[in-house]
There are 2 protein chains.
Amino acid sequence: MLELAILGLLKEQELHGYELKKRLGEALGPLSSVSFGSLYPALNRLEAAGAVKAVEANPGGVGAPAVPMTGSLGGELAAYRARRAATRGSRGKKVYGITDRGQALFEELLAAESATDGDDKSFNLKLAFARYLPSDARLGLLERRRAQLVDRLARLRTAVRTGRERLDDYSRSLMEHSTEATERDISWLDKLIQNERQEEGRT
Amino acid sequence: MLELAILGLLKEQELHGYELKKRLGEALGPLSSVSFGSLYPALNRLEAAGAVKAVEANPGGVGAPAVPMTGSLGGELAAYRARRAATRGSRGKKVYGITDRGQALFEELLAAESATDGDDKSFNLKLAFARYLPSDARLGLLERRRAQLVDRLARLRTAVRTGRERLDDYSRSLMEHSTEATERDISWLDKLIQNERQEEGRT
DNA sequence: CGTCCGATATATCGAGTCGATACATCGAAG
DNA sequence: CTTCGATGTATCGACTCGATATATCGGACG
């Protein structure tokens, strides 16, 4: 679902890889950081699919600056530099923008009930872009999440009850803490769902 | 760190893959479930490293039962069945036990400060086996975790403060909820650390 | 002035995990 | 007797991760 995150950020602003990584760590919460080993391949996939494309970097001023370096470089290297210069700013930046296909893909990914839902990260990510969803789809997202947490809670309680003797103190404490955390998650979701219904009713 | 989980469970009881997966979902909390696509390769790695080995399945009674199926099968297939039968019970189960090398590997993995710490799953897993750690190592584990959460909390607060206007309602609510959850995690850890120090002082 | 260092920036690699899928056997329900 | 769901082992391709390589930029420091 990294594609969804990238497209969501590029919807708001053109960015290059490095900056994209920083935003992913901030805007989407420090929980979901991404490595370059995922990010760059993902950008290439999206570019190959025509969902994003490299835009002119370093657009204003400075025009065609500073190729000198050390006067002469080998022909090979110079040609390589020239090729890079076409879509890159002075610093070697590759700035990406979202295309119409990318917009469509974003909608699709956001609305889809992927197999990787149920994953905490996935839900948090989708919630961060929930403003792009129609109200009913948003409610569906919240309620699917709630159902997952209720299920998790049931399994946690079962595990605590079943293993009340076999579990050591550390595991038991962890389970109890997880149970409370899950209960709070559900309460929080209930609040969101309630808000959502009120908004809906008001329309 | 799946290896650690497997070895930890096999320490207590000999198990086969399918059962192992179920235990991982129960004993270690429903948060950390594992797929077969990870489990079986991991078992093969451990077996290749001599950390676990397949033990005699279906040990008592029934001796050499029920090969018939449908009277005759092709020589190829029969030979395959015979090979399997050596380390497998009637149902094709492959039961694994931990070796001395496995015990050593377990200690090593549990004590190591892996790069994949900081990951929530990793900590939960190690905590589940914390009873095998000496008291000081246990304290170190808890305090490293606490430091990570404090750091996460700081970044969460920064993100909320920085993006107070740019963040939409859903993201903001998620951040605030995450902040509270992290605060509770830290309080919980403080309780564990306090208990740990009391135990230590009592010895 | 140079030169060294840390932040910026892109990229690839191997290892590990995942969900999907295939295949086979067993027990029970119909 | 047959079908069906649970048990059970296994592999595949896609994806992510941490580590690492490479290069440029801006500023600190002598």
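The sequence lines fix the lettering, A, B, ..., with proteins before strands; numbering per chain opens at 1.
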Report the distance from atom [atom1] of [X] to atom [atom2] of [N], rounded to the nearest whole Å.
X: A:His16; N: C:dT8; atom1: NE2; atom2: C1'; answer: 8 Å
X: A:Tyr18; N: D:dA23; atom1: OH; atom2: P; answer: 18 Å
X: B:Lys93; N: C:dG27; atom1: NZ; atom2: P; answer: 10 Å
X: B:Lys22; N: D:dT9; atom1: NZ; atom2: P; answer: 11 Å
X: A:Tyr40; N: C:dT8; atom1: OH; atom2: C1'; answer: 9 Å
X: B:Leu24; N: C:dT17; atom1: CG; atom2: P; answer: 11 Å
X: A:Lys121; N: D:dC17; atom1: NZ; atom2: C1'; answer: 10 Å
X: A:Lys94; N: C:dA9; atom1: NZ; atom2: C1'; answer: 11 Å

key: Carboxylate-amine/guanidinium proximity below 4.0 Å for A:Arg166 and B:Glu12   = no
Lys/Arg N to Asp/Glu carboxylate O, B:Arg146 vs B:Asp151, below 4.0 Å = no
Which protein N or O atoms sit under 3.5 Å from an N or O of nucleotides 12-16 of chain D?
unit_1, atom_1, unit_2, atom_2, d
D:dT16, OP2, A:Arg45, NH2, 3.1

inquiry  = Both B:Phe36 and B:Ala115 contact DNA chain D. Which one's nearest nucleotide lies toward the 5' end?
reply    = B:Phe36
key: A:Asn44 side-chain proximity, nearest of C:dT12, C:dA9, D:dT9   = C:dT12
query = Is it the case that more than 12 heavy atoms not belonging to A:Arg101 sit under 6.0 Å from its CZ atom?
reply = no
query = Are any non-hydrogen side-chain atoms of A:Leu192 and B:Ser173 less than 4.5 angstrom apart?
reply =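 Yes, their side chains come closer than 4.5 Å.
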query = Does B:Ser178 offer a backbone N or O that forms a donor-acceptor pair with the side chain of B:Thr182 under 3.5 Å?
reply =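 Yes, the answer is positive, given that a donor and an acceptor are paired below the 3.5 Å cut-off.
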task = Verify, without hydrogens or angle tests, whether A:Lys94 (side chain) and A:Gly17 (backbone) share a donor-acceptor contact under 3.5 angstrom.
result =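 A pair under 3.5 Å: no.
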